[in-house]
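A short write-up of the structure that comes next.
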2 protein chains.
Amino acid sequence: MFDYLVIGMVLHEELTGYDIKKRIEQGIGHLYKVSHGQLYPALKKLTAKGYLTMNEQMQGKMLKKYYMATEAGKAVFLDWLSAPFDPNTDGDNYLVKIFLLGELPKEIRTKRLQEYEFYTQQLLGQLQVVEKQLSTENLSDREYFELSAFYFSYQLLQNTTHWIQYIKEERPLAGFLQNEGD
Amino acid sequence: MFDYLVIGMVLHEELTGYDIKKRIEQGIGHLYKVSHGQLYPALKKLTAKGYLTMNEQMQGKMLKKYYMATEAGKAVFLDWLSAPFDPNTDGDNYLVKIFLLGELPKEIRTKRLQEYEFYTQQLLGQLQVVEKQLSTENLSDREYFELSAFYFSYQLLQNTTHWIQYIKEERPLAGFLQNEGD
DNA sequence: TCCCTCATGTAAGTAGTTACATGATTTC
DNA sequence: GAAATCATGTAACTACTTACATGAGGGA
């Protein structure tokens with residue numbers, strides 16, 4: 001998963017390890033952490049496997065290593081990204097896949113987003129059933145805060161569903177946050 | 001962190017490993033995963049350290065092991081939970097701490113929630129600055145989906161802030177999801 | 001001159017997953 | 001009688017974090 005994300009960063013441009021880390025952080029850094037102790041060995045491994053090429057360049061006294069995906073790298077990346085949504089492996093970190101989804105042709109992309117949407121709506125339905133069975137009155141402190149975590153999950157799922165519906169239609173992002181209430 | 005969560009589950013009642021896993025999953029299972037290959041060794045370790053007691057009981061032909069926190073266990077748990085909010089260690093998984101927050105006296109609890117709120121609002125402010133500098137027109141497919149991930153983070157942070165404000169005041173949970181738009 | 005960012009790497013240790021392994025109880 | 005759930009454990013492997021280690025470049 002992390003390997004695919006790395007390959008996905010260097011499909012169209014040469015980047016250094018440092019750049020790759022920054023790009024990931026700028027996009028999904030609030031929800032996905034990368035340490036450089038994880039990244040540099042991964043770059044080595046992916047280069048050895050033939051999924052990346054490495055191109056050393058001197059800049060002043062600094063030796064920089066620029067990486068880019070090979071054809072083999074692009075192929076395994078697209079295989080991974082094209083695969084149908086699987087709650088077991090994609091349930092967490094679906095955000096990573098969506099972050100990269102622009103690399104897929106529109107038809108496949110839409111299909112994948114429909115699967116994500118279906119999945120989140122199913123989950124939401126399950127939480128709605130649970131929610132109806134809950135008693136939210138006369139709660140102890142303990143119960144109040146335990147339940148608050150449930151409501152947090154519930155809210156998150158609602159908003160995720162809303163977001164997927166929005167981007168599935170590729171509606172303009174500028175209006176995304178304003179339209180919360182519609 | 002996981003260790004404290006486990007101790008937190010058995011402060012007031014004896015539970016089996018299996019029960020502990022279920023309780024965690026029911027509360028925060030959508031956002032925090034527990035494997036039993038992680039739990040059973042942890043129960044052993046925490047018992048060896050003197051933070052839990054273990055009490056074996058035969059039920060039919062099944063040997064069940066009931067765990068409960070010792071005074072030492074309760075002490076380290078409360079130390080951990082009472083500690084001021086630290087973005088480095090609590091930034092992720094603040095949900096775990098809030099899940100257990102009912103164990104703290106109201107004053108400390110409120111102080112901790114104010115810290116969480118302050119932190120999320122600061123982050124939100126940062127994202128607002130970034131958002132204003134973004135151009136969201138004439139995006140390539142690639143750029144559209146990369147940015148969509150940014151907006152997801154943004155939305156999440158907005159909702160988290162809203163949620164923290166809500167539970168800080170201990171307002172009735174039943175009304176939480178309805179009041180999205182106010 | 002100092003500090004921050006850029007830039008790359010290793011290595012020890014920690015944590016976690018997955019599969020292996022087994023068997024009882026309950027529900028349909 | 002089959003399937004799902006209850007119940008506990010180990011062990012190999014994988015992944016990740018953290019600290020160690022080094023140094024250049026740019027701006028105040």
Side-chain angles (χ1 to χ4, degrees), chain A residues 1-7 9-10 14-26 28-29 31-49 52-68 80 86-93 96, chain B residues 1-7 9-10 14-26 28-29 31-49 52-68 80 86-93 96:
Chain A
M1 156 91 163
F2 175 67
D3 290 349
Y4 297 115
L5 176 59
V6 170
I7 298 171
M9 292 297 97
V10 290
E14 280 196 330
L15 294 175
T16 65
Y18 193 89
D19 294 332
I20 292 170
K21 185 165 181 284
K22 267 206 320 186
R23 278 202 57 187
I24 296 172
E25 280 167 356
Q26 273 159 22
I28 49 176
L31 300 154
Y32 190 91
K33 305 295 171 195
V34 183
S35 68
H36 75 266
Q38 173 191 15
L39 177 61
Y40 288 109
L43 288 170
K44 245 189 164 174
K45 187 190 71 185
L46 290 169
T47 307
K49 279 191 177 177
L52 299 179
T53 55
M54 192 264 280
N55 163 8
E56 284 179 319
Q57 265 176 253
M58 285 301 287
Q59 238 158 66
K61 289 181 185 169
M62 255 200 299
L63 183 68
K64 290 195 185 184
K65 297 188 173 179
Y66 287 90
Y67 292 91
M68 189 155 181
W80 169 74
D86 173 10
N88 284 310
T89 54
D90 304 320
D92 302 321
N93 302 123
V96 173
Chain B
M1 155 89 164
F2 175 68
D3 289 350
Y4 297 115
L5 176 59
V6 171
I7 297 172
M9 291 297 98
V10 290
E14 280 196 329
L15 294 175
T16 65
Y18 193 89
D19 293 331
I20 291 169
K21 185 165 181 285
K22 268 207 318 186
R23 276 202 59 185
I24 295 172
E25 280 166 356
Q26 274 160 19
I28 49 177
L31 300 156
Y32 191 91
K33 305 295 171 193
V34 184
S35 68
H36 75 267
Q38 176 192 13
L39 176 62
Y40 288 110
L43 288 170
K44 244 189 167 176
K45 187 190 69 183
L46 291 168
T47 306
K49 278 191 178 175
L52 301 179
T53 54
M54 193 264 282
N55 162 6
E56 284 180 318
Q57 264 174 254
M58 286 301 287
Q59 237 158 67
K61 288 180 188 174
M62 257 201 297
L63 184 68
K64 290 195 184 185
K65 296 185 173 181
Y66 287 89
Y67 292 90
M68 191 154 180
W80 168 75
D86 172 11
N88 284 311
T89 54
D90 303 321
D92 301 321
N93 302 124
V96 174

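Labels below follow one simple rule: chain letters A, B, ... track the order of the sequence lines, proteins then strands, and each chain is numbered from 1.
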Are side-chain heavy atoms of Val10(A) and Tyr66(A) found at a separation under 4.5 Å?
no
What nucleic acid atoms does Gly17(A) come within less than 4.0 Å of, heavy atoms only: base, sugar-phosphate, or nothing?
sugar-phosphate
Using a heavy-atom cut-off of 4.0 Å across all strands, would you classify Asp19(B) as base, sugar-phosphate, or nothing?
sugar-phosphate
How long is the line joining NZ of Lys65(A) and C1' of dG23(D), in whole Å?
14 Å
Hey, are the side chains of Lys65(B) and Thr16(B) touching, using non-hydrogen atoms and a 4.5 Å cut-off?
no
Between Phe2(B) and Ala42(B) the two heavy atoms that sit nearest each other are CE2-CB, 3.8 Å
Using whole Å, what does the distance between atom C1' of nucleotide dG16(C) and atom CG of Asp92(B) come to?
16 Å
For a quick test of reading the model, state the closest non-hydrogen atom pair linking Lys64(B) to Gln59(B) and the distance between them.
NZ-OE1, 3.0 Å
Using whole Å, report how far NZ of Lys45(B) lies from P of dA15(C).
6 Å
Write down the distance between CG (Leu63(A)) and P (dG9(C)), rounded to a whole number of angstrom.
8 Å
His36(A) side chain: which of dA7(D), dG9(C), dG16(C) is closest?
dG9(C)
Derivation and outcome, side-chain contact (heavy atoms from CB on, under 4.5 Å), residues Met9(A) and Ile24(A):
CA-CA 8 Å; Met9(A) 292 297 97; Ile24(A) 296 172; 3.8 Å; yes
Candidates dT17(C), dC6(D), dG9(D) - which lies nearest the side chain of Ser35(B):
dT17(C)
Nearest to the side chain of Thr16(B) - dT8(D), dT25(C), dG25(D)?
dT8(D)
Side-chain N or O of Gln38(B) versus OP1/OP2 of dT17(C): is the shortest distance under 4.0 Å?
yes
Given dA24(D), dT10(C), dA7(D), identify the nucleotide with an atom nearest to the side chain of Pro41(A).
dT10(C)
Atom-pair distance (CG on Leu43(B); P on dG16(C)), nearest Å
14 Å
Here the distance between atom P of dG16(C) and atom NZ of Lys33(A), to the nearest Å, is 17 Å
Atom pair distance, as rounded to whole Å: NZ in Lys64(B) and P in dA24(C)
14 Å
If you measure from the Lys or Arg side-chain nitrogens to the Asp or Glu carboxylate oxygens, is any gap between Lys49(A) and Asp3(A) under 4.0 Å?
no
At under 4.0 Å between heavy atoms, what does Gly60(A) touch on the DNA or RNA strands: base, sugar-phosphate, or nothing?
sugar-phosphate
Quick one: is dT8(D) close enough that its OP1 or OP2 comes under 4.0 Å of any side-chain N or O from Lys44(B)?
no
What's the closest nucleotide to the Tyr40(B) side chain, out of dT25(C), dA7(D), dC6(C)?
dA7(D)
So, is Lys21(B) near the phosphate of dT8(D), with a side-chain N or O under 4.0 Å from OP1 or OP2?
no
With a 4.0 Å cutoff (strictly under), does any side-chain N or O of Lys22(B) reach OP1 or OP2 of dT5(D)?
no
Hey, which sits more toward the 5' end of DNA chain C by its nearest nucleotide, Gln59(A) or Gly37(A)?
Gln59(A)
Protein-nucleotide distance (Arg23(B), atom CZ; dC6(D), atom C1'), rounded to Å:
18 Å
